[in-house]
Amino acid sequence: MKINHNLNAIVANNKLHQNEDALSASMERLASGLQINHAKDDPSGLAISNRMTTQIDGISQASQNAQDATSLLETADGALNEITSIIQRMSELAIQAANDTNTPTDLQAIQKEIAELKKEIDRMSQDTEFNTKGLLDGNLDGRLYSSKTKTDEYNVYQSDMTRMYVSDYVAAGTYAITVTPGTQASVSTGAATLVTGDSATEITADQAGTVVINGCAVEITEGMTYAEALQAIQETATYAEADMTMDTDTGVITFTSPNFGDDYEVTVSADNANLEALLGMSGSLTSTGTDATVTILNGEQTLTDGTTVTSAFDLDSATYSANGNDITIRQVNGFEISFRLNENLDADTTIAMEVTTMGQLTVQVGANENQTMMVRIPEISCESLYVDDIDVSTVKGADRAIAKLAAALEKVSSVRSKIGAYENRLDKAYASLEVSEENLTNALSRIQDADMAEEMTEYTQYNVLVQASTSVLSQANDLPESVLQLLQ
Amino acid sequence: MQKEKMQEYTRRISQSNRTQLVVVMFDMIQTYLEDAKVCYDEKNREGFKQEVRRADKVIQELQDVLDFKYDLSKELYVLYRYCRERLAVSMMRFELEGLKEAQSIMSRIGSSFRLLAEKDQSEPLMKNTETVYAGMTYGKFKLVENYTGNESNRGFLV
């Protein structure tokens with residue numbers, strides 16, 4: 001009995017029914033035994049599709065590259081335009097909040113809207129992409145690496161620096177510094193009966209008075225229970241940028257500023273000695289935060305974690321400024337490095353940042369080897385813009401927010417102008433490529449808007465029909481497997 | 001894409017000649033964009049992005065196989081790139097305006113290729129595939145598809 005069997009076809013048919021991506025693309029082509037239809041005979045058996053012939057002309061591919069890069073940059077710029085509007089809206093809200101006629105409830109309502117706008121910025125940062133490449137999430141920026149140190153509190157290696165940013169004029173290399181982190185303003189009372197006593201105990205007449213925290217007054221009245229008094233103090237403390245925590249064992253109350261640096265202070269006082277005693281205080285308490293201190297290093301250095309590096313700072317021109325733990329180091333000619341220091345580091349820790357150019361987008365704009373253009377777009381998000389901790393519901397929050405938002409707007413604008421400069425260079429590259437190609441007409445120019453698209457579509461629809469066989473030749477795909485892979 | 005849709009497309013691809021394959025790709029774009037619209041209505045951001053990406057990949061494939069020896073490729077190329085930009089904006093803003101524009105443009109070009117496909121009688125690209133016969137057997141309104149070819153293994157472990 002002769003068994004008629006077409007093994008290849010069975011395998012092929014099973015593959016068609018399975019519809020899975022279990023095998024990788026190349027294995028699929030080899031193992032499935034599907035025959036590929038060629039425009040010309042190819043003895044090697046490998047498929048050469050039409051796409052190869054379009055690449056033979058290096059110049060027209062370079063033209064496409066320049067135009068594709070322009071599309072990418074336009075998408076990024078579109079998103080940045082939206083983000084600019086959002087920041088401007090946040091500024092309006094902050095200015096409204098800075099008005100003294102607002103009640104705490106008003107401020108909280110404004111802060112809610114700001115919180116939603118912050119989320120929108122971060123969403124755009126994540127969702128803006130072109131050709132599956134993230135554009136605003138740091139994906140198109142050169143990679144920056146921070147040294148890591150073990151800190152006692154967590155006993156794991158943590159990055160010494162976050163929110164790292166370098167300007168275009170920072171050469172690749174390692175940059176080391178010795179740092180002492182800044183501190184928050186913080187005061188603590190002694191053992192406070194208000195905490196350790198029975199929470200239902202009432203305040204007596206001779207204990208009633210006013211507690212003032214950072215200039216904000218809270219009335220402690222006769223008849224309030226200890227619990228109510230503590231709550232009133234805590235609410236005012238939060239508003240006054242002196243977050244309150246209590247240790248229920250020792251009765252110690254601690255007031256701490258929400259952020260680091262000498263812009264923050266905590267002052268707590270009470271106008272009644274009995275009230276002071278209840279709070280475990282004997283006189284007013286005051287504290288101011290400190291900014292981080294930085295020593296810039298050059299040459300061979302050993303970091304606190306043991307590694308040795310060669311630091312590339314130029315000691316003759318490097319200067320730093322510190323706002324809490326937010327540090328900016330500048331040198332001549334536009335060199336700028338900024339980051340936020342890990343607040344848990346010990347004093348005098350030596351750390352380093354490694355700057356690389358890996359990850360930047362390289363656009364091939366000519367047919368030959370070194371005709372490339374490097375494009376970098378830094379991360380644009382609430383964190384990298386330092387607007388993530390904006391809180392207009394505190395006493396000075398609105399003023400601080402206005403300043404931070406102005407800085408954020410400046411940064412976004414500078415990125416947009418850089419993108420504009422890149423696009424100008426690409427336009428020039430494209431124009432020169434066009435001149436050198438004899439057959440290309442202006443047909444590869446970019447469609448700018450919907451009206452132009454409408455015109456183009458109508459024209460092309462008609463052309464496709466009229467040119468019939470040529471249309472098929474210009475678009476046809478000889479590789480059905482590549483289409484199968486697109487089924488997901 | 002739903003499983004049945006995928007199977008339908010697989011079958012079409014296995015039977016397609018070169019013009020029909022182009023039409024299949026345009027149809028796939030429509031399917032993905034419709035799926036994206038569904039995700040948008042369900043406020044499913046991640047799903048929306050995924051479907052838009054899939055549609056974008058198909059347009060990219062159309063872009064990649066263009067043969068620039070012919071002028072028409074340039075016209076098609078600029079339209080594809082514009083559509084991809086509109087899709088990117090739609091994804092970034094999480095709205096449908098850009099998507100609908102891209103969908104309309106691709107649908108119109110697709111319909112031109114569909115008319116061409118009706119006239120193209122050439123052989124399917126994939127060889128050794130099964131032959132599909134469709135007929136109204138076993139019921140008036142029931143379309144039964146019958147596959148001939150070596151699908152069954154007749155007891156042999158292959």
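Each chain gets a letter, A, B and so on, in the order the sequences are listed, and its residues count up from 1. All values reported here derive from a predicted model rather than from experimental measurement.
Residues Val65(B) and Glu61(B) meet the side-chain proximity criterion, which asks for heavy atoms closer than 4.5 Å. Between Val464(A) and Leu115(B) there is no side-chain heavy-atom pair separated by less than 4.5 Å. When side chains are defined from C-beta on, Leu76(B) does not count as touching Leu62(B), because their heavy atoms never get closer than 4.5 Å. Taking the side chain as every heavy atom from C-beta outward, Ile13(B) and Leu487(A) approach each other to under 4.5 Å. Side-chain atoms of Val415(A) and Leu136(A), non-hydrogen and from C-beta on, never get closer than 4.5 Å to each other. Residues Ser381(A) and Asp122(A) meet the side-chain proximity criterion, which asks for heavy atoms closer than 4.5 Å. Between Gln88(A) and Thr84(A), the closest side-chain pair of non-hydrogen atoms falls below 4.5 Å.
Chain A forms more heavy-atom pairs under 4.5 Å with one residue of Met28(B), Met1(B), Glu85(B) than with any other, namely Glu85(B). For the set Glu454(A), Arg123(A), Glu129(A), the entry with the most heavy-atom pairs within less than 4.5 Å of chain B is Arg123(A). Contacts with chain B were tallied for Thr75(A), Val483(A), Thr128(A), Asn463(A); Val483(A) has the most, counting heavy-atom pairs under 4.5 Å. Note: Gln461(A) leads Gln467(A), Gln461(A), Met124(A) in heavy-atom pairs under 4.5 Å with chain B.
Looking at Val22(B), only its side chain comes within 4.5 Å of chain A, counting heavy atoms on both sides. Proximity to chain A (any heavy atom under 4.5 Å) is shown, for Phe113(B), by both the backbone and the side chain. Heavy-atom distances place the side chain of Met25(B), and not its backbone, under 4.5 Å from chain A. For Thr31(B), no part sits under 4.5 Å from any heavy atom of chain A, backbone or side chain. For Tyr80(B), the part lying under 4.5 angstrom from a heavy atom of chain A is the side chain only. At a 4.5 Å heavy-atom cutoff, the contact between Leu21(B) and chain A is made by side-chain atoms alone. Interface remark: Lys49(B) contributes side-chain atoms only to the contact with chain A (heavy atom separation under 4.5 Å).
Within residues 89-109 of chain B, the residues that have a heavy atom under 4.5 Å from a heavy atom of chain A are Met91(B), Met92(B), Arg93(B), Phe94(B), Glu101(B), Ile105(B), Arg108(B), Ile109(B), listed by number.
Annotation: side-chain contact (heavy atoms from CB on, under 4.5 Å) contacts of Asn131(A) (sequence neighbours excluded): Asp56(B), Gln60(B), Arg84(B).
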(message) As a quick check of understanding, evaluate salt bridge (charged side-chain N to carboxylate O under 4.0 Å, His left out) for Glu8(B) and Arg11(B), giving each step before the final call.
(response) CA-CA 5 Å; Glu8(B) 182 197 314; Arg11(B) 192 157 42 250; over 6 Å; no

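A distance-only check finds no donor-acceptor pair linking the side chain of Asn139(A) to the backbone of Lys133(A) [under 3.5 Å].
The existence of a salt bridge linking Arg54(B) and Asp35(B) is excluded, since no basic side-chain nitrogen approaches an acidic carboxylate oxygen closer than 4.0 Å.
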